[in-house]
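One-based numbering, in listed order, for ligands and for the atoms of each.
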Amino acid sequence: MDFVVRPASRPLRGVVRVPSDKSIGHRAVMFAALAEGTSTIRRFSFGEDNVSTLRCFEAMGVAHEVVDAPVFPKGGRIRVHGLGLFGLKMPVDGRPLDCGNSGTTMRLLSGLLAAQAFGSTLVGDASLSKRPMRRVLEPLRARGAHCRGAPHPKKDDETAPIRIAPLIEGEFLGPSEIELAVASAQVKSALLLSGLYAHGVTVVKEPTLSRDHTERMLELAGVPLRRVGSLVELDPAGWDGCIAPFDLTVPGDPSAAAFLVVAANLVEGSVVRIVDVGVNPTRTGALDVLRAMSAGAQIVPKGEEGAEPIATLDAMGAVDANGVGMVAANVGGELVPRAVDDPILCVAAACAKGTTVIRDAAELRVKESDRLAVMAEVLRAFGVEARELPDGLEIVGKPQGKLRAATVDAHDDHRIAMSAAVLALRADGESRVRGVDNVATSFPGFARVLTDLGAEILETP
Ligand code: S3P
């Protein structure tokens, strides 16, 4: 499927929702599966990645019901019948668990399954089967897990399929103390989940704090956790091993909202309100960068859902009739993990005055695509000067007038597809983004939401 996008001919206006947070959705299903009884998850996004997690647990005996069928982008309500910490069952006939396109499903499940008394295999689609997995498997092996990935076809690494052999009777995972070279919520969470079952303490230290949804849920569940800055320590000694069932409303995904914020910023006169968005500070790096660019959104706090702060975002046009108004920014350091899912910032940079420099972001090369290379390719196709750095990008903004309409390939990457569609609003004619099917992994209903706001974007087979 392709997006065909016409240049914005009028301001974007309206009050909208985005799908609920993908990261929190995965974790909500996992904790509900491990809880002793039935949990309710409201506004579950039903994005394909979250559904992959749900299906994996279904295959391990965790039943769920759809109480309210999904309406996109609002999501739906599910009830998950948890089996307790030791209740997961071996998938029937040892069938592989299919993580689809979802790196979070594969990495977090590796941690959880490494501690089980049954063996399992994790598989994924072509894109996931190229992503590096040693970062989780090695520290899990170091604490006694029997897990191994397939040799990576291109690098000295491991990838899917991941095979996990059971812990035999009398075998336990041991303590784990690790200092990560690169902040990673997925690695941290895999270790914490395995740590629920370990004989000994789990300590993870990150260079700067990555998203902390797992820690917040563990704390809510009463698991003994100690946190100081970017260090987290889990010591299950003395814990009763019981996770109580819960009723959780998943907040809107801030990384999905960022596409709409930038779209509003780039179209003169726009006024867009996005309601019920998660604003956990480990996720708001993009809003901070946009503010430094004289753009972004006003954040109106609206309390908490679960242990997560939520807010209304009010975004407006940040440019005048000639497209001028936004300024370049420097992005690096602790901002990067806080904006790691926001390549849309490159689109803002493409329309800002001056050169935006992004550093410390080599991780973007191992996401659903090599986002530094692919983003540079997309920007150049629209006539924007972009230079790849080993760990980032230099983008020379073109604030004046229109960009050149283009046909670009999304490289099967949902966030590249949506970034390119937003950039196309500033082009001088109709643009086409090829291969956008994966948008459904994180933002089902994206084209419809943009259309509701007044953009002209068609999905074509
Ligand atoms: C995620 C963590 C991040 C992020 C991914 C979701 C999570 O990955 O890019 O989309 O839910 O834990 P890393 O842990 O690799 O930084």
Can a donor-acceptor pair be found, under 3.5 Å and without considering hydrogens, that links the side chain of Ser189 to the backbone of Thr214? no

Any nitrogen or oxygen of Leu108, side chain or backbone, less than 3.5 Å from one on ligand 1? no

Can you name the atoms of ligand 1, numbered from 1 with element, that are less than 4.0 Å from a heavy atom of Thr104? 1 (C), 6 (C), 7 (C), 11 (O)

Going by an N to O cut-off under 4.0 Å, is there a salt bridge joining Arg371 and Glu368? yes

Is the shortest side-chain N to carboxylate O distance from Arg27 to Glu215 below 4.0 Å? no

Taking atom 12 (O) of ligand 1 as the point of reference, which of Lys22, Arg27, Glu368, Arg131 owns the nearest heavy atom? Arg27

Considering non-hydrogen atoms of the protein only, which is the closest contact for atom 2 (C) of ligand 1, and what is the distance? Gln186 CG, 3.6 Å

Check whether any side-chain N or O of Ser20 sits under 3.5 Å from a backbone N or O of Ser45 as a donor-acceptor pair, and report yes or no. yes

Using a strict threshold of under 4.0 Å (side-chain N to carboxylate O), is an ion pair present between Glu219 and Arg227? yes

Between Arg141 and Glu158, does any side-chain N to carboxylate O distance fall below 4.0 Å? yes

Checking a contact table here: which protein heavy atom is nearest atom 11 (O) of ligand 1, and how many Å away? Ser23 OG, 2.7 Å

Where does Arg211 meet ligand 1, judged by heavy-atom distances below 4.0 Å: at the side chain, the backbone, both, or neither? side chain

Nearest neighbour of atom 3 (C) of ligand 1 from the list His213, Lys367, Arg135, on a heavy-atom basis: Lys367

Could you find the nearest protein heavy atom to atom 10 (O) of ligand 1 and give me its residue, atom name and distance? Asp341 OD2, 2.8 Å

